[in-house]
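Accompanying notes for the structure given below.
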Amino acid sequence: MLPRCSSIALVGACLLLQACGTMPTDPQAGNSDPSAAQDITLNLPTQDCQCDLPPDQLDTTFLERGFQALGQGDHIEALQNFQRYARLEKSTQAEWESEVSIAFLSILPSSPLYAPDEARKTYRDLRKERVEDWQIDQQVALVAETMDMFLEERRYSRELEEQVTTLEEDLEKKEEALKRLRDLTLGQRGPQR
């Protein structure tokens, strides 16, 4: 019975201490009405959208997460983070950075989004939209330079393909001319006995 009495005494002491802790220390405070209680002030932003933030104040968290996911080979996670970045920042620059990053995802052969011709067209349009005043994120600037090199490589590759086609046609014409010349030369000698 002793343990039961001591646990009851312990609970009673806890209740007494709790009651003392909730009592007002100011004797007149206990007489105040509940409507005079202090208001709680929250430090919440007053604006819904901060669309016109200077470029150096853009929150690049999702952009950075996108590049981290890209570095780890998770292309879908990278895509989702790039899209979130544009959606949350709601600025022309953030949208441009996001679209350039997504176009870059589309030129990677290991990406499930692989569509190099579509990425090339998209990036060609995006280059026209870029504003010189923008403080482009360093990783996006590197991606943009890579895309520029990709476009240059594709242009050079097309030129080489055209040259190869032209050379093949010329070779075919020359082989036909040699065959006719051989036939004419053999025909003039006549049959040999």
Side-chain angles (χ1 to χ4, degrees), residues 42-181:
L42 300 176
N43 293 327
L44 297 175
T46 56
Q47 295 179 352
D48 291 337
C49 174
Q50 298 178 351
C51 301
D52 298 325
L53 286 177
D56 59 342
Q57 291 184 0
L58 289 175
D59 182 8
T60 58
T61 306
F62 283 114
L63 187 63
E64 291 169 4
R65 287 181 188 168
F67 283 113
Q68 286 173 353
L70 180 60
Q72 295 169 353
D74 191 348
H75 299 102
I76 300 300
E77 181 70 22
L79 170 69
Q80 291 170 346
N81 280 303
F82 293 146
Q83 290 171 335
R84 285 181 193 125
Y85 171 66
R87 191 172 52 248
L88 292 176
E89 286 304 315
K90 297 178 185 165
S91 74
T92 307
Q93 178 182 336
E95 185 175 326
W96 186 89
E97 290 175 328
S98 173
E99 289 180 14
V100 167
S101 302
I102 292 170
F104 178 71
L105 280 173
S106 299
I107 68 166
L108 300 175
S110 61
S111 172
L113 309 169
Y114 184 66
D117 292 333
E118 201 56 41
R120 184 174 35 89
K121 291 173 190 172
T122 300
Y123 183 69
R124 193 178 298 137
D125 293 339
L126 288 169
R127 278 197 323 188
K128 297 173 188 172
E129 296 175 15
R130 183 174 180 177
V131 177
E132 294 300 321
D133 298 14
W134 286 346
Q135 298 288 326
I136 301 294
D137 181 84
Q138 290 178 351
Q139 292 172 318
V140 175
L142 181 61
V143 164
E145 285 185 38
T146 304
M147 292 297 291
D148 286 334
M149 288 185 338
F150 174 72
L151 288 179
E152 184 66 24
E153 181 270 329
R154 290 295 297 157
R155 186 188 61 75
Y156 182 67
S157 176
R158 271 195 314 277
E159 287 175 2
L160 286 178
E161 288 172 1
E162 290 171 2
Q163 288 176 3
V164 165
T165 303
T166 303
L167 289 172
E168 285 175 347
E169 289 171 357
D170 288 348
L171 181 61
E172 192 175 304
K173 289 176 185 176
K174 287 179 183 179
E175 286 176 351
E176 285 291 323
L178 282 172
K179 183 179 178 185
R180 280 191 306 243
L181 184 61

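Note that the structure is a prediction, hence the values are computed from the model and not measured. For this chain, numbers begin at 1 and follow the sequence in order.
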After noting the C-alpha distance and the side-chain angles of Val100 and Arg130, does the key distance pass the side-chain contact (heavy atoms from CB on, under 4.5 Å) rule?
CA-CA 10 Å; Val100 167; Arg130 183 174 180 177; over 6 Å; no
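- The distance from the CZ atom of Arg124 to the CD atom of Glu129 is 14.0 Å, given to the nearest 0.5 Å.
- Atom CG in Leu178 sits 9.5 Å away from atom CG in Leu171 (nearest 0.5 Å).
- Residues Gln93 and Glu97 have side chains that bring a donor and an acceptor to within less than 3.5 angstrom of each other.
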Ser98 vs Arg87, test: side-chain contact (heavy atoms from CB on, under 4.5 Å). Steps then yes/no.
CA-CA 9 Å; Ser98 173; Arg87 191 172 52 248; over 6 Å; no
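- Every residue two or more places apart in sequence or in another chain that forms a ring pair (Phe, Tyr, Trp, His ring centres under 6.0 Å) with Phe82 is listed here: Phe67.
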Donor-acceptor contacts under 3.5 Å from residues 157-169 side chains, at least two apart:
residue : atom : partner : partner atom : Å
Glu159  : OE1  : Arg155  : NH1          : 3.4
Glu159  : OE2  : Arg155  : NH1          : 2.4
Thr165  : OG1  : Glu161  : O            : 2.9
Thr166  : OG1  : Glu162  : O            : 2.9

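- Once rounded to the nearest 0.5 Å, the distance linking CG of Asp117 with CD1 of Ile107 reads 12.0 Å.
- Residues Val140 and Leu63 are in side-chain contact: their nearest non-hydrogen atoms beyond the backbone lie under 4.5 Å apart.
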Can you list the steps and then say if Arg127 with Asp148 is a side-chain contact (heavy atoms from CB on, under 4.5 Å)?
CA-CA 9 Å; Arg127 278 197 323 188; Asp148 286 334; 3.1 Å; yes
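- Of the residues Lys121, Met147, Glu99, Glu95, the one that meets the side-chain contact (heavy atoms from CB on, under 4.5 Å) test with Leu126 is Glu99.
- Looking only at side-chain heavy atoms (C-beta outward), Leu88 and Thr61 stay at 4.5 Å or farther from each other.
- For Glu153, the CD atom is densely surrounded, since the number of other residues' heavy atoms within 6.0 Å is greater than 12.
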Is there a side-chain contact (heavy atoms from CB on, under 4.5 Å) between Gln80 and Glu77 once you walk through the steps?
CA-CA 5 Å; Gln80 291 170 346; Glu77 181 70 22; 3.6 Å; yes
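- Annotation: the span from Ser106 atom OG to Arg120 atom CZ amounts to 12.5 Å, rounded to 0.5 Å.
- From Asn81, atom CG reaches atom CD1 of Ile76 across 12.0 Å, with rounding to the nearest 0.5 Å.
- The closest side-chain heavy-atom distance from Ser110 to His75 is below 4.5 Å.
- Counting only distance, with no hydrogens or angles, the side chain of Ser111 and the backbone of Leu105 share a donor-acceptor pair below 3.5 Å.
- Here the CG-CD distance, from Leu70 to Gln139, works out to 9.5 Å after rounding to the nearest 0.5 Å.
- Applying the ring-ring contact (aromatic ring centres under 6.0 Å, His included) rule to pairs touching residues 95-133 yields Trp96-Trp134, sequence neighbours excluded.
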